[in-house]
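It should be emphasised that the depicted structure is a prediction, and the values quoted were computed from it without experimental measurement.
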Amino acid sequence: MNINQESLIADLDRLAQIGRGADGGITRRALSFEDAEARGYVKQRLAQLGLEIRHDEVGNLRGRRPGRRDLPPVMTGSHLDSVPSGGRLDGPLGVVGAIAALEALGSVQTVRPIEVVVFVGEEGSRFPRGTIGSAAMSGHVAVQKIWELRDPSGVSFRDALATYGDEGEPIAARSAPFAFVELHVEQGGVLEADRLPIGAVTAIAGLVQRAVTFFGDANHAGATPMHLRHDALLAAAEWCLGIEAAARELGCVGTVGKLEVQPGGKNIIPGRVDCICDLRAAEASTLDALDRRALQLLEQVQKRGVTVEERLLQRVEPGPMHERAIAGVERAAAAAGLGCRRMPSGAIHDALHMAEICPASMIFVPSIGGRSHCPTEDTEPRHLVLGSTVLARFLLEFANLADEN
Ligand SMILES: [Zn+2]
């Protein structure tokens with residue numbers, strides 16, 4: 001299975017020019033001019049491969065390579081939209097890697113069709129939710145709800161689709177794929193630390209985000225003795241450290257990345273702190289345990305004489321991947337003579353929703369320095385090739401399975 005490294009890199013370089021800013025970062029918001037240009041390029045590449053191009057009613061792009069039989073297809077792909085000033089691989093690798101894998105398959109016939117998909121609006125950097133295309137395809141969110149989403153300037157998803165998208169046939173008319181696999185950069189440092197080229201993704205971590213406000217008493221930093229203070233920031237700090245300890249103990253991750261201190265004077269005891277915590281785990285029971293601990297800690301820190309208000313912002317259930325697809329990734333890596341480990345994904349991907357309708361997994365390749373969602377996001381070229389090789393082998397195996405289970 002020979003992946004053409006030159007053409008793989010050329011495709012990535014071409015896409016990296018679309019929406020590139022002065023800092024080298026790439027900005028392609030969903031259904032923007034840049035997003036349309038990137039989709040146009042991929043459409044042309046898929047057409048060169050002789051694929052049949054279609055769109056669905058939320059603007060997902062699908063290219064179909066026919067099989068010997070008209071069975072549900074094996075599907076692969078990712079997204080082309082980005083975060084503001086993001087990297088060149090998050091999303092495009094899964095699309096370009098799929099093109100490279102199909103080129104490697106050449107004229108080899110398969111039993112099932114293979115479909116390459118470009119999901120619309122994965123990043124949530126324009127409309128108020130991410131994974132739009134896969135949520136629609138899986139039926140997780142009704143198409144009507146998606147059409148009604150509005151960006152911050154009031155433009156509806158459907159109007160944006162009419163301007164820079166491709167609206168196609170209804171999704172309800174389609175059946176679920178036979179299997180789904182997504183090639184993606186890890187966006188963390190686990191594979192690099194383990195010196196492994198491939199990760200087989202076992203689950204997409206779920207998340208809980210809560211907004212918390214600590215109310216204390218703002219007072220004079222010189223005249224108020226320590227024992228008479230109700231410092232809102234110290235209560236918040238104790239809570240942040242408690243989340244760190246709980247996440248370490250439970251083997252998951254917890255972050256307080258937003259914290260606003262009021263009144264914010266150098267000589268004033270903090271009277272109010274607003275913060276948001278982001279808790280993530282690959283298993284629902286672990287996520288629940290961490291969330292419970294975070295709430296218990298809120299009770300405890302009130303001993304400092306502060307009061308607390310809390311509200312749930314968002315909860316996304318963890319998405320287990322399917323054993324059949326995970327083992328498929330492992331087999332494909334082993335067949336290519338590559339080291340592979342099972343691992344959860346800390347970030348959310350379209351595979352989360354695809355796993356709701358068919359056996360799904362992901363192929364991770366190492367991120368240099370674990371960096372992503374920034375202009376310096378990168379992966380060794382040989383790892384890009386190896387990930388595409390594993391993808392090609394996975395597609396070949398699954399597209400030749402004729403049975404229904
Ligand atoms: Zn992505």
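Between Arg28 and Glu37, no side-chain nitrogen of the basic residue sits less than 4.0 Å from a carboxylate oxygen of the acidic one, so the salt-bridge criterion is not met. Note on Glu103 versus Arg45: salt bridge recorded, some NZ/NE/NH1/NH2 to OD/OE distance being below 4.0 Å. The pair Asp166-Lys43 counts as a salt bridge, with a side-chain nitrogen and a carboxylate oxygen less than 4.0 angstrom apart. Using a 4.0 Å cut-off between charged side-chain N and carboxylate O, Arg315 and Glu317 make a salt bridge. A salt bridge does not link Asp274 with Lys258: none of the charged nitrogens is closer than 4.0 Å to a carboxylate oxygen. The pair Glu397-Arg393 does not meet the salt-bridge criterion, since no charged nitrogen lies less than 4.0 angstrom from a carboxylate oxygen. A salt bridge is defined here as a Lys NZ or Arg NE, NH1 or NH2 lying under 4.0 Å from an Asp or Glu carboxylate O, and Glu323 with Arg342 meets this definition.
For the 3.5 Å distance criterion, the side chains of Asp350 and His79 fail to qualify, holding no donor opposite an acceptor. Counting only N and O atoms by type, the side chains of Gln300 and Gln296 include no donor and acceptor under 3.5 Å apart.
Closest non-hydrogen pair, Ser361 versus Ala200, comes out as OG-C, 4.4 Å. When every heavy atom of Ser78 is checked against every heavy atom of Glu182, the shortest pair comes out as OG-OE2, 2.7 Å. Contact detail for Gln187 and Ala347: the closest heavy-atom pair is OE1-CB, 3.8 Å. Considering every non-hydrogen atom in both Val365 and His383, the closest pair reads CG1-O, 3.4 Å. The minimum heavy-atom distance linking Ala135 with Arg129 is given by the pair CB-NH2, 3.7 Å. The nearest pair of heavy atoms linking Arg64 to Glu115 is NH1-OE2, 2.7 Å.
Put simply, the residue from Arg126, Arg158, Arg29 that forms a salt bridge (charged side-chain N to carboxylate O under 4.0 Å, His left out) with Asp151 is Arg126. Across Leu233, Ile276, Val212, a single residue satisfies side-chain contact (heavy atoms from CB on, under 4.5 Å) together with Leu259, and that is Leu233.
Between Pro73 and Arg112, every side-chain heavy-atom pair lies at or beyond the 4.5 Å cut-off.
Taking the six-membered ring where the residue is Trp, Phe364 and His184 present tilted rings, their angle falling between 30° and 60°.
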